[in-house]
Amino acid sequence: MEAAPRTHIALVSIPAFSHQVSILEFAKRLINLHQDNNTFYVTCIIPTLGTSPTIASKPFFDSLPPNIQCFFLPPINFEDLKNNGVSLELQIQLSLSRSMPFVRDTLTSLINSNKAVALIVDAMVPEALEFGKEFNILSYIYFPCSTMLLSLCLHSSKLDEKVSCEYRDHPHLIEIPGCVPLYGIDLPNSLQDRSSLAYKLFLQRSKQYFDVDGILVNSFMEMEGEASKAVSKQEGSVNTKTSTKPHVHHIGPIIQTGPSGPKNGWDCLLWLDNQPPNSVLYVSFGSGGTLSQEQINELALGLELSKHKFLWVNLKAPNDRASATYLNGEDGMDNDPLHFLPLGFLERTKGQGLVMSGWAPQIDVLGHNSVGAFLTHCGWNSVLESMVHGVPMIAWPLFAEQRTNAAMVTDGLKVAMRPKIGTSGSGVVVKEEIANVIKSLMEGLEGEEIRRTMKELQKFAACAVMEDGSSTRTISKLALKWKCFGSHLEY
């Protein structure tokens, strides 16, 4: 019997491992749902800013199934952006623009040889959508963040017309369709300076979200049902003649399942094995987040003051720029970050906690029965991983859309607490506030309610990805559409 023809899907990611993991885990899920007949073949095109894959990420890429192939494009020089005080979001956007000729060349080769039927591009690189039109294939946005953030993106042009001042100076809560209202300061970094190029690019990019065959969101209906209803009703004028509504597909929660990181990062699991159930606060600001020296001191002393056990990983040397290592997580600093902790801290907390300057297997840590809470920067991958494992959070956002995520999980979903910044004007959370929030979450009545709510959300997350779950059904419908489209293509 002749084998069924393969359906080829092309992906375009960005030079950030967290985004690459998300879109590739979606590809793995698509392939796993159709592994019996070996239907789908996926190629992921990845622009780079340096050596790729990095040592920490190489195990993940090496573990991908044979049906998924990754092309790492030649590195883009963006030193002129880094040295001119350009924001992280703008660095990524401008460096991606420079890589578009390479993306097109690679896509041309792929389509000529493999007859791709659909192009799925990361939300930060909508420029690549033009290639879908050029090659007459289906085009999709992969949105690796919340439906709340998508609702904000789709609503951003109307918000721009409605509010005249800087959003952070707006006296009232800002309404986002279908979502919990938030203060202007909690909008993403790109929206904090409305005269900036980053803001203009955000508005321009958001308008392009209306002109696609669909938007794949890494969230699930049971968590963001109202936001989903709202985004499906929003309209955007693509040109003067037509007005369109986005086709939104919830395909999450998509979290990392493949291995990554050096072997010595797994040592923390042995330490966790010796701790009581639900006793440990896991602390991580992601692979790229950094704190100032003053904030490192206050966090360390707050952990000590709380008397609760803690596992603090990915500690980096101090930097006043919160995203200092986001684009180059292996920053090659000669200084041992542990040297920047308060004098005597490691000795005083030897029986209380463990601090690591390197990577740790976050999925395994969150799934360990000794972990009772997660102090997180609120990157969306970390938020979803916490939900999947039912671990309540302390929300400590640093940059990008993390403050928006923090507002959602604290005020909207009510599965997290958020420490208050001190009154000195330095933007630092002081040790007493840190200790109080830890105690409230780990042992207080409010913490008990948050844990109960999180366990309910965990059940919904599990249901969404079951065989007949909402997200599984969505992916299956997309797969059927892509197979049907491929069968009617004429080359």
Side-chain angles (χ1 to χ4, degrees), residues 18-19 22 89 122-124 141-160 162-163 167-168 170 172-192 202-203 205-206 209-210 214-236 245-255 376-388 393 395-418 453-454 457 460-461 464 470-471 474:
S18 59
H19 285 241
S22 187
E89 293 81 6
D122 187 280
M124 292 195 71
I141 290 283
Y142 184 83
F143 201 81
C145 307
S146 67
T147 315
M148 177 179 182
L149 186 63
L150 177 60
S151 184
L152 172 62
C153 290
L154 299 176
H155 185 61
S156 58
S157 292
K158 295 176 182 176
L159 191 62
D160 181 64
K162 183 178 180 181
V163 178
Y167 294 121
R168 61 178 176 270
H170 192 57
H172 307 295
L173 287 167
I174 291 175
E175 300 287 339
I176 301 173
C179 306
V180 62
L182 44 71
Y183 291 102
I185 195 64
D186 282 333
L187 292 176
N189 282 20
S190 297
L191 278 68
Q192 294 301 326
F202 183 94
L203 293 179
R205 189 170 69 219
S206 297
Y209 292 175
F210 289 94
I215 304 174
L216 281 55
V217 187
N218 190 9
S219 184
F220 50 105
M221 288 291 295
E222 294 83 352
M223 177 174 68
E224 294 193 276
E226 291 303 313
S228 177
K229 293 175 186 176
V231 298
S232 66
K233 295 176 182 177
Q234 293 197 46
E235 294 186 356
K245 295 181 181 180
H247 302 286
V248 178
H249 309 278
H250 289 80
I251 46 86
I254 301 286
I255 64 171
T376 171
H377 63 311
C378 290
W380 190 242
N381 284 352
S382 290
V383 169
L384 288 181
E385 289 162 5
S386 202
M387 291 176 182
V388 167
M393 293 172 280
W396 192 309
L398 297 178
F399 58 91
E401 86 292 352
Q402 294 166 10
R403 287 189 297 272
T404 307
N405 295 340
M408 173 185 171
V409 296
T410 53
D411 303 327
L413 297 175
K414 302 189 184 303
V415 292
M417 290 184 174
R418 188 172 178 181
T453 304
M454 180 60 99
L457 189 57
F460 287 129
S470 58
S471 295
T474 297

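Partner of Met223 under the side-chain contact (heavy atoms from CB on, under 4.5 Å) criterion, chosen from His250, Met408, Met148: Met408.
Using a distance-only test at 3.5 Å, with no hydrogens or angles considered, a donor-acceptor pair links the side chain of Gln234 to the main chain of His155. Under the 3.5 Å distance criterion, the side-chain polar atoms of Glu224 are matched with a main-chain donor or acceptor of Thr147. A donor-acceptor distance shorter than 3.5 angstrom exists from the side chain of Ser206 to the backbone of Phe202, with no hydrogens or angles considered. Under a 3.5 Å cut-off, the side chain of Tyr183 and the backbone N or O of Ala407 do not form any donor-acceptor pair. A donor-acceptor pair under 3.5 Å links the side-chain atoms of Ser151 to the main chain of Pro177, judged by distance alone.
Here the straight-line distance linking atom NE2 of His19 with atom CG of Asp122 works out to 5.5 Å at 0.5 Å rounding. Atoms CG and CG, on Leu149 and Asn405 in that order, are 7.0 Å from each other to the nearest 0.5 Å. For the atom pair Asp186 CG and Leu191 CG, the distance stands at 12.0 Å (nearest 0.5 Å). Between atom NE2 of residue His249 and atom OG of residue Ser219 there is a gap of 14.5 Å, rounded to the nearest 0.5 Å. Atom CG in Leu152 sits 6.5 Å away from atom OG in Ser156 (nearest 0.5 Å). Note that the CD1 atom of Ile176 and the CG atom of Leu159 stand 8.0 Å from one another [nearest 0.5 Å].
Contact between Ser146 and Phe143 at its shortest, heavy atoms only, is O-CE2, 3.2 Å. Considering every non-hydrogen atom in both Glu401 and Cys145, the closest pair reads OE2-SG, 4.1 Å. Residues Ser382 and His377 share a closest heavy-atom pair of OG-CE1, 3.4 Å.
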Discussion item. Working note: Arg403 + Asn189, criterion side-chain contact (heavy atoms from CB on, under 4.5 Å); need CA distance, chi angles, decisive distance, verdict.
Written reply: CA-CA 9 Å; Arg403 287 189 297 272; Asn189 282 20; 2.8 Å; yes

